[in-house]
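Quick one: the structure is below, and I'll ask about it shortly.
Numbers restart at 1 for each chain; the letters A, B, ... are given by sequence-line order, proteins then strands. The figures that follow rest on heavy atoms only: side chains count, while hydrogens, waters and symmetry mates do not.
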Number of protein chains: 2
Amino acid sequence: MALNKKQEFSELQNQIATFAKALSHPARVAILEKLADCNKCICGDIVEVMPLSQSTVSQHLKELKNAGLIQGIIEGASSCYCINWENLEKELETLNNIFSQLKTKNDSVICCVVKEQ
Amino acid sequence: MALNKKQEFSELQNQIATFAKALSHPARVAILEKLADCNKCICGDIVEVMPLSQSTVSQHLKELKNAGLIQGIIEGASSCYCINWENLEKELETLNNIFSQLKTKNDSVICCVVKEQ
DNA sequence: TTCTCTTATCGTATATTTACGATATAAGAT
DNA sequence: ATCTTATATCGTAAATATACGATAAGAGAA
């Protein structure tokens, strides 16, 4: 079957999973690094430094855009991409917050003791 | 085709992608929340609160374990799972570090200007 | 207009992920 | 020894992701 059970989880759980999924391929991490690095952010420049075809890079760009982590604008014949820092930092904060909350909870609880081996 | 190109990316890019992939399904986020919350961490307790079958939950637990985010020990007939905070926090820090470094770089650069629309 | 250049999308093949039921395994109870 | 209980693994079906070449679409040059 492999039915989609994602809607059975909370909004927040899905939000974190969606953000993480956007970062779950090294090519997309590499694209974000390149976008932060280059001062023109032209699609072709990204393709040039990636070990992937133009169409595959375009697909990864689309996924990052859908996740809200980057923005793209058309500049004549080419497209210019930028990191959407507002969203990216918001997502990062959500991720950090949830784990620091969990840590606090976990510290006050006697959980299974893992013996050193 | 769909050849695996992951080894063409850097160690760090792959490390981040692997961590993100572990968090890229809401069920695995839910498991981490449950592990932080319950004070017994028995596999069956997790299965009970999840909208998934025992075998599927077991599979997700295995992935979290492979990513180093949780640890499991056998306690008689059942298994007890715990969050591996040391690894989890290390991975989170790596993620935070890379983006704060990128942000610093990006701030000093004239990137494509996105017009407000 | 026609040619070229750039990027997005389509079609498609393959790989991986997700999900479940069935089964194996191992511990504890009877 | 047999039964039960708990969990991991196997087998498998379906969904999704990854990757590429081909093609479409739109801009700018000739």
Does a nitrogen or oxygen in the side chain of A:Y81 sit under 4.0 Å from OP1 or OP2 of C:dT6?
no

Can you check whether B:K21 has a side-chain N or O nearer than 4.0 Å to OP1 or OP2 of D:dA17?
no

Output the rounded distance in Å from CG (A:L64) to C1' (D:dA17).
14 Å

Assign each of A:K5 and A:C43 to its nearest nucleotide of DNA chain C by heavy atoms, then name whichever residue's nucleotide is nearer the 5' end.
A:C43

Name the residue closer to the 5' end of DNA chain D, choosing between B:S78 and A:K6 according to the nucleotide with the nearest heavy atom.
B:S78

Hey, which of these two, A:F9 or A:L61, hits DNA chain C nearer its 5' end, going by closest nucleotide?
A:L61

Numerically ordered, the residues 25-33 of chain B set in heavy-atom contact under 4.0 Å with DNA chain D is none

Can you find a side chain N or O atom of B:N4 that sits less than 4.0 Å from OP1 or OP2 on C:dA15?
no

What verdict does the side-chain contact (heavy atoms from CB on, under 4.5 Å) test give for B:Y81 and B:I73, after you've listed the backbone C-alpha separation in whole Å, the side-chain angles of each residue and the deciding distance to 0.1 Å?
CA-CA 6 Å; B:Y81 284 98; B:I73 54 165; over 6 Å; no

Gap between atoms CG and C1', on B:L52 and D:dT7 respectively (whole Å)
16 Å

Between B:S58 and B:Q54, is there a donor-acceptor pair closer than 3.5 Å when you use the side chain of the first and the backbone of the second?
no

Would you tabulate the side-chain donor-acceptor contacts of residues 20-32 of chain A under 3.5 Å, counting partners in other chains and residues two or more places apart, or write 'none'?
| unit_1 | atom_1 | unit_2 | atom_2 | d |
| --- | --- | --- | --- | --- |
| A:S24 | OG | A:K21 | O | 2.7 |
| A:H25 | ND1 | A:A27 | N | 3.0 |
| A:R28 | NE | A:A22 | O | 2.8 |
| A:R28 | NH1 | A:H60 | ND1 | 2.9 |
| A:R28 | NH1 | A:E63 | OE1 | 3.3 |
| A:R28 | NH2 | A:K21 | O | 3.2 |

Say whether, by atom type as modelled, one donor and one acceptor occur between the side chain of B:S79 and the main chain of B:E75 under 3.5 angstrom.
no

Report the distance from atom CG of A:L23 to atom C1' of D:dT18, rounded to the nearest whole Å.
17 Å

Looking at B:T56, I'd like to know whether one of its side-chain N or O atoms comes within less than 4.0 Å of OP1 or OP2 on C:dA19.
no

Nucleotide N/O of nucleotides 22-24 of chain C paired with protein N/O under 3.5 Å:
none

Please list all pairs passing the salt bridge (Lys or Arg N to Asp or Glu O under 4.0 Å) test where one or both residues lie in residues 6-16 of chain B, with sequence neighbours left out.
none

Applying side-chain contact (heavy atoms from CB on, under 4.5 Å) to A:S78 and not counting sequence neighbours gives A:I42

Okay, side chain of B:D45, backbone of B:C41: is any donor-acceptor separation there less than 3.5 Å?
no

Which is it for A:T104 and A:Q101 under the side chain to side chain donor-acceptor pair (under 3.5 Å) test, yes or no, and what are the steps along the way?
CA-CA 5 Å; A:T104 308; A:Q101 277 170 34; over 6 Å; no

Provide a list of protein-nucleic acid N or O atom pairs under 3.5 angstrom, restricted to nucleotides 24-27 of chain D.
none

B:N14 atom CG is separated from D:dT18 atom P, nearest whole Å, by 13 Å

With distance as the sole test, does B:D37 use its side chain to make a donor-acceptor pair with the main-chain N or O of B:E33 at under 3.5 Å?
no

Has A:T18 got a side-chain atom pairing as donor or acceptor with A:N14's backbone, closer than 3.5 angstrom?
yes

Tell me: CD of A:Q7 to P of D:dA15, nearest whole Å?
14 Å

hbond_proxy A:Q59 side chain to D:dA17 base (donor-acceptor, 3.5 Å cutoff):
no

Between P on D:dT7 and CD1 on B:I73, what's the gap in Å once rounded to a whole number?
13 Å

Tell me, yes or no, whether the heavy-atom count around A:E48 atom CD, taken from other residues, nucleotides or ligands under 6.0 Å, exceeds 12.
no

d(CE, A:M50; P, D:dT18) in whole Å
12 Å

Pair A:W85, B:K103 - check side-chain contact (heavy atoms from CB on, under 4.5 Å), show working.
CA-CA 8 Å; A:W85 283 107; B:K103 185 88 191 328; 3.3 Å; yes

Show, in sequence, the C-alpha distance, side-chain angles and deciding distance for B:I83 and B:L35, and conclude whether the side-chain contact (heavy atoms from CB on, under 4.5 Å) test is met.
CA-CA 7 Å; B:I83 294 180; B:L35 284 184; 3.8 Å; yes

Quick one: is B:K65 getting a side-chain N or O under 4.0 Å of the D:dA8 phosphate, OP1 or OP2?
no

So, is B:S79 near the phosphate of D:dA6, with a side-chain N or O under 4.0 Å from OP1 or OP2?
no

OP1, OP2 of C:dT17 versus side-chain N and O of B:H60: anything below 4.0 Å?
no

Could you state the CD-C1' distance from B:E48 to D:dA6, rounded to the nearest angstrom?
13 Å

